[in-house]
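Encoded as structure tokens, the structure appears first; notes follow it.
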Amino acid sequence: MQLPTIAQLMQRTQYADKAISARWAWCLLLVLAVGLRHLMNDNAVPLGAKFGDTDDALRLVQVRDFLLNGQWYDTRLQAMGAPEALISHWSRLIDLPIAWLISFFALFVSYLQAETLAQIVWPLLLLFGLALILVHETERRAGVYAGIIVLTLLLLTPSAVFQFMPSRIDHHNAQILCAVAGLLLLQRSITVPNSGWWAGVAMAIGLTIGFEALPLLAASLGLACLVACFDQQARAGACHAVIALAAGLAVSFAVTVHPAQWSQVACDALSANLLMLCGAGALAAGILRARWHQGSPWLWVAVFAAAGAVGLGGYIAANPACTAGAFAGMDPIVKTRWLAGVVEGKTLLEFAAIKPSLAFSFLAVMAAALTVLIRQAVKAPTSEHVFMAASTLLAGLYGFYYIKFMPYGTLLALVPLACWIAHLPAIGGTSAFTIRASAMILCSQTWFALLAGFLIALVSDVEADAKQKLESSVASCRTKSDLAALSTLPPGLVISDIDLGPYIVASSWHRAYAGPYHRIHASIRDVLALQSAPLATAAGHLAKMNADYLVLCGVAQDKRKDSAPRKAENFAAHMRQGGTFDGLEPVSIGQIKGPLRVWKIRKTGL
């Protein structure tokens, strides 16, 4: 056998390097793997059979309204909320591309099929963009092989990939993409100042879509400005980011908000108060860059502090209630009886009591990444290294505070982990490839979750009950075909389980009295009052709500031998268990798969 020459070996190496450096192809493979994994999952329902969650369902309703009436500024959803309809604060920046996809696919398939295809393609497109950003940044720091490692780690990060699965069309994934991109670019801007412009743009787009990442972005940008005060190399990038953020938000405000509403100040959406806050920071950054670029650190601190005080004062003066956050003004009863029970709003400690393996895996990934970053900052204490560690720590703390924010921390953690793994050397007789492949698996969130789940199962059955606790109470009733059967009834206003409302309006021609949205907290309060009412007073609540139908997700039969029927303690429990009530007439909607129960409300009988 003839051995290859040195020239042939070098040529083969060049081909291999070209293949590995084709980052778009590897990112596309990742997207295909995620899509196929969803399709082949035995526990997954067929694509199109169910919505991802309530937000995905209502997003589709909002896109339909946009396609139907073409009103860019009008986001009132007549089908959701009573007696007042929900005025959605969700940005049209998400509606527009989904509407384009539906319109495009509708040229070749039916409209419903076009909707299903859009629900598949849109989140995967966002995942493709996220993968490209992570690969590009990882390759910049540690070479092309590190890019392959970060993609593998991403595939094995369920808390992040979950938000990009087919059917996830709400807005969380887009916000995650913009925030992670903005933070990675902000880290880079310390040594590559022009990256600051793009960091600010990415943050502005993300905040236009929603305020989910606002505390994290504000803290990180404030930290970048503090670093810039004491490191002249970091000043240009931080100032560029602040100026681009303010300019991007101003442009987005002008594009997405009707001029007649510019004076209206909201706490949960882009409005004048945030523009004043960011504008003050941008003015300070512009002055410092133009006049005192070489100024003393304490001069920069004083100017930024003054700008922050002025901007924060304007923010509070515009609407003092916004100091309480996005849920300012919510009915206290709704906060304690509904919002407090929302799983995604729990802290990591609270979540650990439900799903300890996932909570542990998040902490393990963050600990591993922070160990790498802190070690790097100690060995080479540059501003870039210190800021990388500090901003990643902030993201981790953000995920600890609310589990909904775990993806921000885990995604930022993947980059330093991949860079560290890519430089691991051979140990003894074990090749570097084997060492790196092993480290890649052992540092993944999936491995940590499996390990924790196995160990926990030895002493507790909490993991076995996690799925039931994490699923919505209406999970067994959100099949599209079941809900579509409601359209066999004349159109009307439906009182339902709060989480069932968005699925009803997305799958039928009915209106829902309430849904899980803080802007219609009065509607939520009415539904909660009816559900918890004793039978003796329930008729009064029904009469006041003036609805046409009652739809509840029934109680699944418990087949355990030691189980006994529970006594109904209120109106909702009584009706779920098949009880009767004067003024309610059971209605059949044909053969359905889930335990959906429907009644016609006889208003004269209440």
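In what follows, residues are counted from 1 in the order of the sequence shown.
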Keeping the roles fixed (side chain from [X], backbone from [Y]), state whether a donor-acceptor pair exists under 3.5 Å.
X      : Y      : answer
Trp447 : Ser361 : no
Tyr503 : Thr479 : no
Trp338 : Ile498 : no
His510 : Leu486 : yes
Ser220 : Leu217 : no
Thr410 : Pro407 : yes
Ser507 : Ile504 : no
Arg597 : Arg576 : yes
Asn173 : Gln163 : yes
Thr75  : Ser88  : yes

For the residue pair [X] and [Y], establish whether any side-chain heavy-atom pair is separated by less than 4.5 Å.
X      : Y      : result
Val474 : Thr54  : no
Ser496 : Leu552 : no
Leu67  : Ser103 : yes
Tyr549 : Leu489 : yes
Phe66  : Trp72  : yes
Phe253 : Leu275 : yes
Leu86  : Leu58  : yes
Cys27  : Val31  : no

Heavy atoms only: give me the nearest [X]-[Y] pair and the separation to one decimal.
X      : Y      : result
Phe448 : Val365 : CD1-CG2, 3.9 Å
Pro83  : Ser523 : N-OG, 4.4 Å
Ala244 : Val201 : CB-N, 4.1 Å
Ile524 : Tyr517 : CD1-O, 3.5 Å
Cys178 : Ile209 : SG-CD1, 4.4 Å
Leu270 : Val257 : O-CG2, 4.1 Å

Looking at [Y] and [X], is there a salt bridge between them, counting it only when a charged N and a carboxylate O are closer than 4.0 Å?
X      : Y      : answer
Asp268 : Arg519 : yes
Arg478 : Asp56  : no
Lys480 : Asp482 : no
Asp55  : Arg168 : no

Check your understanding: Aromatic ring centroids of Phe128 and Trp24 under 6.0 Å?
Key -> no
**Study point:** Check: Tyr401 ring centre within less than 6.0 Å of Tyr398 ring centre
**Key:** no
Find the distance between [atom1] ([X]) and [atom2] ([Y]) and round it off to the nearest 0.5 Å.
X      : Y      : atom1 : atom2 : value
Leu550 : Tyr513 : CG    : OH    : 13.0 Å
Gln175 : Asp170 : CD    : CG    : 8.5 Å
Leu207 : Leu249 : CG    : CG    : 6.0 Å
Asn69  : Arg76  : CG    : CZ    : 12.5 Å
Leu127 : Trp122 : CG    : CH2   : 12.5 Å
Leu483 : Leu500 : CG    : CG    : 6.0 Å

Identify every side-chain donor-acceptor pair in residues 146-159 under 3.5 Å, counting partners at least two apart or on other chains, and give the distances.
residue: Thr152; atom: OG1; partner: Ile148; partner atom: O; Å: 3.0
residue: Thr157; atom: OG1; partner: Leu153; partner atom: O; Å: 2.5
residue: Ser159; atom: OG; partner: Gln445; partner atom: OE1; Å: 3.0
residue: Ser159; atom: OG; partner: Gln445; partner atom: NE2; Å: 3.2

Review point. Going through the distances and angles, do Glu344 and Phe405 end up as a side-chain contact (heavy atoms from CB on, under 4.5 Å)?
Key: CA-CA 9 Å; Glu344 67 179 21; Phe405 305 140; over 6 Å; no
Exercise for review: Before giving the answer on side-chain contact (heavy atoms from CB on, under 4.5 Å), spell out for Tyr73 and Thr256 the whole-Å C-alpha distance, their side-chain angles and the decisive distance to 0.1 Å.
Suggested key: CA-CA 7 Å; Tyr73 297 111; Thr256 60; 5.9 Å; no
Practice item. Please determine which of Glu115, Arg64, Gln119 meets the side-chain contact (heavy atoms from CB on, under 4.5 Å) test together with Ile102. Key: Glu115
Exercise for review: Establish, from distance only, whether the side-chain atoms of Gln264 and Ser271 form a donor-acceptor pair under 3.5 Å.
Suggested key: no
Review point. Without hydrogens or angle criteria, can the side chains of Thr116 and Gln113 be said to hold a donor-acceptor pair below 3.5 Å?
Key: no
Exercise for review: Step through the shown structure and confirm whether more than 12 heavy atoms of other residues, nucleotides or ligands are within 6.0 Å of CH2 on Trp100.
Suggested key: no
Exercise for review: Answer yes or no: does atom CD of Glu84 have more than 12 heavy-atom neighbours from other residues, nucleotides or ligands under 6.0 Å?
Suggested key: no
**Study point:** Pairs involving residues 89-99, ordered by first then second residue, that meet side chain to side chain donor-acceptor pair (under 3.5 Å) (sequence neighbours left out)
**Key:** Arg59-Asp95, Gln62-Asp95, Arg92-Asp95
Exercise for review: Using the side chain to side chain donor-acceptor pair (under 3.5 Å) rule, collect all pairs that involve residues 196-212, keeping only residues at least two apart or in two chains.
Suggested key: His172-Glu212, Trp197-His240, Thr208-Ser252, Glu212-Tyr408
Exercise for review: Check the pair Arg141 / Val415 against side-chain contact (heavy atoms from CB on, under 4.5 Å), numbers first and verdict last.
Suggested key: CA-CA 9 Å; Arg141 298 184 189 182; Val415 175; 3.5 Å; yes
Practice item. With side-chain contact (heavy atoms from CB on, under 4.5 Å) as the test, would you mind laying out the steps for Ile601 and Asp548 before giving the verdict? Key: CA-CA 5 Å; Ile601 301 175; Asp548 301 292; 5.9 Å; no
